[in-house]
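Worksheet: one structure, shown below.
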2 protein chains.
Amino acid sequence: MFEVRLVQGSVLKKVVEAIRELVTDANFDCSSTGLSLQAMDSSHVALVALLLRSDGFEHFRCDRNVSMGMNLANVSKILRTAGNDDIITLKADDDGDVLTFMFESPNQDRISDIEMKLMDIKSEHLGIPDAEYEAVVKMPSQEFLRICKDLSNIGDTVVISVTKEGVKFSTRGDIGNANIVCRQNTTVDKPEDSTTIQMKEPVSLMFALRYMNSFTKATSLSSSVTISMSSDLPIVVEYKIADMGYLRFYLAPKIEDDEDQA
Amino acid sequence: MFEVRLVQGSVLKKVVEAIRELVTDANFDCSSTGLSLQAMDSSHVALVALLLRSDGFEHFRCDRNVSMGMNLANVSKILRTAGNDDIITLKADDDGDVLTFMFESPNQDRISDIEMKLMDIKSEHLGIPDAEYEAVVKMPSQEFLRICKDLSNIGDTVVISVTKEGVKFSTRGDIGNANIVCRQNTTVDKPEDSTTIQMKEPVSLMFALRYMNSFTKATSLSSSVTISMSSDLPIVVEYKIADMGYLRFYLAPKIEDDEDQA
DNA sequence: CAAACAGTCA
DNA sequence: TGACTGTTTG
């Protein structure tokens with residue numbers, strides 16, 4: 001028996017909208033700890049990791065561990081029929097190959113239930129070591145969104161360089177070259193608007209902007225984003241989900257071309 | 001001589017926008033009683049019935065009964081040139097094959113008149129008996145719109161079931177099955193937000209969502225919609241037009257497949 | 001948070 | 001040309 005109840009149903013809607021561009025099918029793994037998902041994007045370049053801890057739900061019952069395979073486009077279609085304020089309940093029998101979504105409007109006037117057939121997806125669960133990163137940048141998620149969007153108008157890749165001065169996002173394209181530098185600033189009124197940098201070692205890595213832009217689909221989940229980098233390790237772009245967990249994206253760096261200075 | 005003046009011209013704009021998807025050409029029938037229209041949709045499955053009573057107009061003169069055939073796409077084009085607050089006057093000579101639209105902006109700054117050639121359309125006027133329906137549901141038109149839209153993301157048909165518990169909208173599709181239940185609630189502050197059910201007999205009928213979605217184009221005409229059903233009779237979806245009449249849609253039920261319970 | 005608008009895509 | 005999506009406003 002699996003049954004969980006989430007008063008803030010919009011969280012689930014946002015999570016699915018954030019990862020559906022990257023991942024078409026995925027297993028949602030449920031245990032007494034909570035609900036988690038780990039999946040490679042369709043071209044096996046990026047990795048998505050979601051955790052929603054059981055204590056973030058109003059009700060969480062999961063008698064035994066289950067892995068529920070879903071097509072995210074279908075999940076999205078179903079969740080779009082839920083209001084943003086709806087309470088969402090997910091239910092499945094132990095042997096069930098069906099997941100039931102229940103949506104209750106805030107005033108209980110309208111209750112919908114939608115059954116969705118589950119799929120068998122071979123899971124490729126990778127252990128992700130909890131590395132110590134050489135540089136960790138926390139910045140407003142909106143600002144990161146804006147930077148990735150702006151830079152992708154110029155070029156296809158971004159070099160993220162962290163020094164003690166700040167974090168620099170650079171791209172090169174036919175139009176020209178662009179650099180955006182964000183300095184550390186903790187003096188801002190609201191902590192979520194601050195940019196903080198923890199650095200053991202200067203790091204500079206290059207990534208495909210296409211994936212970065214996909215990651216920023218999660219912007220509405222959190223007002224800040226945390227970017228962790230070490231030489232030769234995948235970057236981690238993390239959006240915390242208040243009181244529940246996180247949505248993390250991993251992406252391997254591109255080898256920097258020894259480009260001639262134009 | 002035919003000349004009518006409608007201060008709230010937006011009503012006419014909304015009516016035409018609501019039926020143009022369903023009906024391409026139609027006769028507007030004018031008599032001293034008012035202005036009415038009755039037409040089958042192009043695939044002869046649904047029926048549209050409009051009534052605008054003469055007393056809803058500021059001025060209504062219709063010396064003898066006339067039937068004015070119009071292409072609704074053309075009417076729509078003409079009405080789109082009118083402002084939403086414009087006063088609309090329609091004029092035709094008795095022998096005329098021309099209808100004149102006159103639009104006056106609220107402050108009289110701008111007055112346009114557009115002549116449109118009328119067409120000869122063979123009318124197929126069906127008498128619609130004023131049946132007593134086994135179940136009549138009144139609900140917010142926005143909610144009905146939302147339900148039809150949501151369900152059509154899952155399946156092609158909707159089963160509408162009225163019981164004393166409430167009204168249930170169900171569909172089945174490849175993704176899964178969906179049910180939305182609306183309970184009766186008259187306790188809401190605003191009467192237009194209430195859902196009321198009058199039921200002599202439980203009724204359950206199936207309809208094509210494609211037509212339902214067309215009907216909901218009339219949503220802006222009224223804050224509530226009335227759905228009347230009897231076994232084996234066409235459903236009636238009615239949007240009342242304040243102080244003037246109604247726009248009604250009729251649709252025959254589909255024969256429910258004897259589907260095996262999966 | 002829902003409705004209206006505008007701009008884009010098919 | 002119409003439908004849809006995303007944005008903006010109430």
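Any value given below was found using the heavy atoms of this structure, including those in side chains, with hydrogens, waters and symmetry copies removed. All chains are named by letter (A, B, ...) in the order of the sequence lines, taking the proteins before the strands, and each is independently numbered beginning at 1.
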Problem set entry | Nearest-Å distance for atom pair CG/C1', residues B/D150 and D/dC4 | 15 Å
For this session: Calculate the interatomic distance between B/L22 atom CG and D/dA3 atom P; express it in whole Å.
Result: 12 Å
Exercise. In whole angstrom, what separates B/K217's NZ from D/dA3's P?
Worked result: 6 Å
For this session: Enter the distance from A/E21:CD to A/R210:CZ here, rounded to the nearest 0.5 Å.
Result: 8.5 Å
Exercise. Are B/F207 and B/F215 close enough that some pair of their side-chain heavy atoms sits under 4.5 Å apart?
Worked result: no
Problem set entry | Proximity to the side chain of A/N84 - top-ranked nucleotide from C/dA2, C/dA3, D/dA3 | C/dA2
Exercise. According to a strict under-4.0 Å criterion, is B/R146 in side-chain N/O contact with OP1 or OP2 of C/dA2?
Worked result: no
Seminar exercise, completed: Per atom distances to the B/R20 side chain, the nearest of D/dA3, D/dT1, D/dG2 is D/dG2
Exercise. Nearest to the side chain of B/Q142, which nucleotide is it out of D/dG2, D/dT1, C/dA3?
Worked result: C/dA3
Exercise. Rounding to a whole Å, what distance do you find between A/E17:CD and D/dG6:P?
Worked result: 9 Å
Problem set entry | A/E3 with A/R5: basic N within carboxylate O range, under 4.0 Å | no
Exercise. How close or far is atom P of D/dT1 from atom CD of B/E21, stated in whole angstroms?
Worked result: 17 Å
Problem set entry | Whole angstrom value for the distance that separates P of C/dA2 from CD of B/E143 | 11 Å
For this session: Check the distance between D/dG6's P and A/L145's CG and give it to me in whole angstrom.
Result: 14 Å
Exercise. To the nearest Å, how far apart are B/I147 CD1 and C/dA2 C1'?
Worked result: 16 Å
For this session: Select base, sugar-phosphate, or nothing to describe what B/K77 touches, counting heavy atoms under 4.0 Å on all strands.
Result: sugar-phosphate
Exercise. Can you tell if the side chain of B/Y246 reaches within under 4.5 Å of the side chain of B/T226, non-hydrogen atoms only?
Worked result: no
